[in-house]
Amino acid sequence: MIVIWAVLSVIGVLLVLFALEPHMPPGHVSAQSSDQTQTNTVIAAIMTPIGIGVIVFLLYAVFAFRARADDEADGPYSKGHGAVQQTWVVVSLTIVLGLAIYGTVELLHTSEGVAGVGGGQGPTLIDSAPTGALQVQVIAQQWEFTYRYPQYGDIETTVLAIPVNRPVIFNVTSLDVVHSFWAYQLGVKIDAVPGTNNTAGTTATHTGIFDVRCAELCGLWHGAMSGKGEVLNSPAFASWIRVQQAHQPAPNTLPPHSKTYYPDPNERAG
Ligand SMILES: [Cu+2]
């Protein structure tokens, strides 16, 4: 049984590392998503021998401890097995604590992916931005996201575009209820709360399209609250900004720019 487990585990871990890794979410569009993909791969590789061990022993038990059809006697009473129990306690404790430490370190590392900007309720829009970082204000509302670019004349758009290889700070807030801004392939997911400025940083490493979804049940059309964003190269981003500036002011009913917003139930209920 141990030989079968060892052989299958080696095969399984190699499959995880080399066959599954390219398909592991959320991919490699940004530095942050690459980190998360690597973490998911490591955890899957550690889980694999454990899962295979459980299945191999289960199958072994099904065959080795099978009762004969005419055997109606009680089985022998079971006793503890000190060596097995102690080994299992030590091994599982080591794995769980090791993964807890690894996960915590990786989480802190991802949060600090854009120098000095952690997750959570972070710095304000412009002050304490890392040098060269692009600030994007993400305003969630029932039922769409709109975006403001305070460094580019506070232009407002209904589509999200960011430049490649430049740190981006998302300043996420909401006009009405709690939403969650989830830019899947960028490895960014953060609550959008009225009256609060939540920040999350990312640095895209590839150009291309990414998904933006609301990940918090926020009302009747929550399921329709999804769209696409785009990572552009620098010249394309500059010309995209110029096009957006030419189309300002965008037709909208949003309040004037502010760090955070509060619900206005009477007005919105109208
Ligand atoms: Cu929502």
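As the structure lists them, so they are numbered: ligands from 1, and atoms in each ligand from 1.
Under the 4.5 Å side-chain criterion, counting only non-hydrogen atoms from C-beta, Cys218 is in contact with His179. Val231 has its side chain out of reach of His206: every pair of non-hydrogen atoms, C-beta onward, lies at least 4.5 Å apart.
His179 contributes atom ND1 as its closest N/O/S atom to the Cu ion (ligand 1).
For Phe210 and Tyr184, the ring centers are positioned 6.0 Å apart or more.
Taking the six-membered ring where the residue is Trp, Tyr152 and Tyr149 present perpendicular rings, their angle passing 60° and hence far from 30°.
With a cut-off of 2.8 Å, the Cu ion (ligand 1) has no N, O or S atom of Gln142 in range.
For the pair SG of Cys218 and SG of Cys214, the angle at the Cu ion (ligand 1) is about 120°; rounding is to 10 degrees.
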